[in-house]
There are 2 protein chains.
Amino acid sequence: MNDVAAAAGVALKTVSRVVNDEPGVNAATALRVKAAIDRLGYRRNDGARTLRRGRTASIGLVIEDAADVFYSSLSRAVEETALHHGCLLFTGSSQEDAARERDLVLAFCARRVDGLIIVPAGTDHTYLAPEFEAGTRAVFADRPPGAGCEADVVLSDNAGGARAGAAHLIAHGHRRIAFLGDLPRIFTAAERLRGYREALAAAGLPYDEALVAMGPADPARLRADLARLLRAADPPTALLTGNGRTTVETLRALASITGSAPGATAGAFVEGACPGLGGLALVGFDDFELADLLGVTVVAQDPARLGRTAADLLFLRLAGDDGPVTRFELPTRLIPRGSGERPPPPRRDHP
Amino acid sequence: MNDVAAAAGVALKTVSRVVNDEPGVNAATALRVKAAIDRLGYRRNDGARTLRRGRTASIGLVIEDAADVFYSSLSRAVEETALHHGCLLFTGSSQEDAARERDLVLAFCARRVDGLIIVPAGTDHTYLAPEFEAGTRAVFADRPPGAGCEADVVLSDNAGGARAGAAHLIAHGHRRIAFLGDLPRIFTAAERLRGYREALAAAGLPYDEALVAMGPADPARLRADLARLLRAADPPTALLTGNGRTTVETLRALASITGSAPGATAGAFVEGACPGLGGLALVGFDDFELADLLGVTVVAQDPARLGRTAADLLFLRLAGDDGPVTRFELPTRLIPRGSGERPPPPRRDHP
DNA sequence: CTGAAAGCGCTAACAC
DNA sequence: GTGTTAGCGCTTTCAG
């Protein structure tokens with residue numbers, strides 16, 4: 001900026017005025033400055049600018065995994081909103097690791113982001129207290145913050161969605177419904193399990209622990225759990241899967257169990273012999289690509305809306321809104337596509 | 001920092017030393033400083049730090065769309081590498097808009113990112129000249145920079161992959177192969193079209209423009225193009241789709257054309273009547289979720305490797321590597337799953 | 001309309 | 001081992 005000023009024969013401050021489109025600069029002077037800027041290839045240093053001004057016009061987003069469609073949709077919506085507010089976006093994936101979440105958040109704070117959107121992996125967010133003290137705002141998305149951390153949060157109606165999914169299967173005659181969910185320490189997984197239990201209770205059905213398998217969406221884990229479920233004395237007639245990854249891996253596992261293994265039936269699609277559910281009904285939590293073609297009934301969340309809502313809320317806070325902490329809960333939507341509307345097979349003991 | 005210094009009864013510089021784990025501080029003094037830091041909730045301002053030090057320890061990534069699985073995988077890999085190098089990552093989606101790409105890149109440069117990874121939407125990158133002059137490094141990924149911009153680039157072997165895909169169909173007896181690609185102004189689309197043509201030429205087959213439909217992966221557009229192709233006098237017996245989105249939308253379009261429309265056959269999956277290809281063979285460029293279950297043969301790229309390679313290259317440059325500009329071309333992999341190995345129907349004129 | 005001076009929070013380069 | 005001084009590139013404040 002000094003160089004530009006010298007080249008244009010003006011003072012530093014005049015260059016600053018031109019660069020920032022501030023009023024009160026002689027048109028001719030401005031032109032001379034602009035020429036010098038172009039000639040020297042000058043670009044304002046926003047780092048120095050934000051140091052002086054206090055706000056960095058940037059926000060930080062911590063998600064679980066940028067490569068997962070759910071979070072990438074959420075991320076995209078946040079990005080859009082941020083750009084709309086003239087903000088740049090730092091992104092980081094926590095990989096479901098509390099320490100890494102914390103490191104990322106603190107790194108963003110060290111960069112003095114104006115605000116944070118966090119999909120928490122951990123359950124202790126007391127480390128944020130000094131940041132809040134310093135004026136940084138945070139909105140939690142998809143999962144609430146740990147106890148003792150007062151912050152806005154935007155969730156899906158996880159329990160309600162799972163309840164609707166289970167009730168849907170019950171309405172179609174199922175009495176033995178298995179639930180395949182994520183690790184129970186994850187908020188969304190616990191909530192969905194709760195919804196499942198509530199639906200059973202509402203229908204007067206017993207809760208059978210043998211029908212519940214919680215764990216990561218690991219192919220081997222799911223194959224083992226499914227095999228166990230299906231060879232039980234009183235196997236389930238329907239499945240409720242707790243998230244997108246689990247649904248997809250369950251489809252794979254079922255295809256391999258029911259014989260139409262990916263390898264074996266390389267021509268599944270071709271020969272019209274689509275990998276089957278082996279007589280099971282299925283409702284999946286989360287919509288996924290090609291679920292429509294496969295005819296899989298799902299309880300859909302709206303990750304983009306989750307992101308948009310969280311970002312809108314954050315910018316409201318950054319604009320000075322100091323109302324009480326809020327908790328949004330976005331509705332889910334059951335989309336019947338066939339797999340969730342199949343009746344159970346006739347019961348052998350009631351011919 | 002001043003406050004901490006005062007609270008600990010030391011000079012500013014000593015606090016700085018403690019904060020940065022610099023050697024040569026009395027253990028007792030350090031402890032006193034640390035106590036003051038905790039008590040006051042002090043956090044170093046990295047903005048000021050980078051202003052002083054010159055490097056910002058951050059890089060910018062511009063992709064096409066963060067919500068697209070291809071780019072989100074690439075993005076995730078870049079993020080991982082960046083974090084590994086102690087760098088934070090700015091992300092932005094260009095939405096295939098050259099002006100927006102430029103705005104994002106320049107915004108990142110104004111923040112003085114150390115380096116850039118760009119999936120270019122535009123074809124003119126002369127606007128980067130001043131940034132290069134200033135020492136910012138850039139690596140292009142997935143597509144090369146516009147003419148006159150000397151920069152490293154990491155690509156997939158697009159032409160080779162398409163050639164392999166088309167050759168695969170030819171080897172299985174197909175003579176009339178349609179190509180459904182993206183807008184030809186997009187580098188990857190043009191390259192894949194070239195590969196398709198080369199495969200035809202190598203097999204002595206004519207290039208028939210009527211069999212080529214280039215455009216966005218818009219459902220309506222694809223349905224219309226497919227309908228036109230299939231009702232022609234001499235219709236194709238096989239399809240080569242030019243990218244993941246197009247493959248998926250083509251499957252949808254075919255399902256709706258061949259009667260097993262998503263709506264009509266909500267139970268497709270359930271009844272074992274998987275949406276068919278209507279007798280067509282299919283090879284898709286890009287692997288996609290559930291392609292294995294559907295039995296769709298694909299030419300797979302490795303987006304994560306693309307991102308990793310680009311990031312590694314960038315950090316090599318940032319570490320001082322001043323070798324000549326390089327151009328990486330990563331191999332693709334043909335994965336046969338059934339849809340690409342179906343023979344054409346017997347020809348009527350050769351009974 | 002333009003400019004000079006101070007300082008945002010930090011670190012590099014030297015003192016002591 | 002510790003402290004002082006200067007300055008990164010910009011904006012704010014106030015003076016012409």
Side-chain angles (χ1 to χ4, degrees), chain A residues 1-34 36-37 40-58 86 106-114 130-131 134-136, chain B residues 1-34 36-37 40-58 86 106-107 109-114 130-131 133-136:
Chain A
M1 204 173 224
N2 247 321
D3 298 351
V4 174
V10 295
L12 194 67
K13 178 66 219 182
T14 302
V15 179
S16 172
R17 286 204 178 90
V18 172
V19 167
N20 295 301
D21 290 319
E22 275 174 40
V25 178
N26 184 306
T29 321
L31 230 58
R32 220 166 61 241
V33 171
K34 277 182 183 150
I37 287 177
L40 275 68
Y42 166 80
R43 299 282 159 87
R44 182 178 66 196
N45 184 328
D46 275 357
R49 174 170 217 247
T50 60
L51 176 59
R52 189 60 239 244
R53 303 192 74 190
R55 280 212 171 178
T56 58
S58 61
L106 290 180
F108 292 160
C109 287
R111 293 308 226 281
R112 293 297 188 271
V113 294
D114 298 330
E131 319 302 336
T136 310
Chain B
M1 207 173 225
N2 246 321
D3 298 350
V4 175
V10 294
L12 194 65
K13 179 67 215 182
T14 302
V15 180
S16 171
R17 285 205 178 89
V18 172
V19 166
N20 295 300
D21 289 320
E22 275 175 41
V25 177
N26 185 307
T29 324
L31 229 58
R32 222 167 59 243
V33 171
K34 276 182 184 149
I37 286 176
L40 274 67
Y42 166 81
R43 299 283 158 88
R44 182 180 64 195
N45 183 328
D46 275 356
R49 172 168 218 248
T50 61
L51 177 59
R52 188 61 242 244
R53 303 192 75 191
R55 280 212 171 176
T56 58
S58 61
L106 290 181
C109 287
R111 292 308 225 278
R112 294 297 187 271
V113 293
D114 298 330
E131 319 303 336
E133 201 84 26
T136 310

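It should be emphasised that the depicted structure is a prediction, and the values quoted were computed from it without experimental measurement.
- Along DNA chain D, the nucleotide nearest to B:Ala48 and the one nearest to B:Gly24 differ in position, and the one closer to the 5' end is contacted by B:Gly24.
- A:Asp3 places its CG atom 11 Å from the P atom of D:dC8, with the value rounded to the nearest Å.
- Put simply, CZ on B:Arg112 is 8 Å from P on D:dG9, counting in whole angstrom units.
- Rounded to whole Å, the distance from CZ on A:Arg53 to C1' on D:dT13 is 15 Å.
- Contact check of residues 11-18 of chain A against DNA chain C (heavy atom, cut-off under 4.0 Å) returns A:Ala11, A:Lys13, A:Thr14, A:Arg17.
- At the phosphate of D:dT12, neither OP1 nor OP2 sits under 4.0 Å from any side-chain N or O atom of A:Arg52.
- The side chain to side chain donor-acceptor pair (under 3.5 Å) check on A:Thr56 picks up A:Ser58, A:Asp114, with sequence neighbours excluded.
- For the pair B:Arg111 CZ and D:dG9 P, the computed distance is 17 Å after rounding to whole Å.
- Residue A:Val19 is out of contact with every strand shown, counting any heavy-atom pair closer than 4.0 Å.
- Across all strands, A:Asn20 comes closer than 4.0 Å only to sugar-phosphate atoms, never to a base (heavy-atom distances).
- Note on B:Thr50: nothing from the nucleic acid sits closer than 4.0 angstrom, heavy atoms only.
- The OG1 atom of B:Thr50 sits 8.0 Å away from atom CG of B:Asn45, with the distance rounded to the nearest 0.5 Å.
- Rounded to the nearest 0.5 angstrom, A:Asn26 CG and A:Arg32 CZ are separated by 8.5 Å.
- The outermost nucleotides of DNA chain C lying under 4.0 Å from heavy atoms of chain A, listed 5' to 3', are C:dC1 to C:dG9.
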Do any side-chain atoms of residues 1-15 of chain A form donor-acceptor pairs under 3.5 angstrom with protein atoms, and if so which ones, sequence neighbours left out?
none

Cut-off 3.5 Å, no hydrogens considered: what does the side-chain donor-acceptor table look like for residues 16-25 of chain B, sequence neighbours left out?
{"unit_1": "B:Ser16", "atom_1": "OG", "unit_2": "B:Asn20", "atom_2": "ND2", "d": "3.4"}
{"unit_1": "B:Asn20", "atom_1": "OD1", "unit_2": "B:Arg44", "atom_2": "NH1", "d": "2.4"}
{"unit_1": "B:Asn20", "atom_1": "OD1", "unit_2": "B:Arg49", "atom_2": "NH2", "d": "3.1"}
{"unit_1": "B:Asn20", "atom_1": "ND2", "unit_2": "B:Ser16", "atom_2": "O", "d": "2.8"}

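- When each of A:Leu51 and A:Ala27 is assigned the nucleotide of DNA chain C with its nearest heavy atom, A:Ala27 is the one assigned upstream, toward the 5' end.
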(request) Could you provide the dot-bracket string of DNA chain C, using ( ) for intrastrand pairs, [ ] for crossing pairs and | for bases paired to another strand, with Watson-Crick or G-U pairs below 3.5 Å? (result) ||||||||||||||||

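- For the pair B:Arg112 (side chain) and B:Cys109 (backbone), a donor-acceptor distance under 3.5 Å is present.
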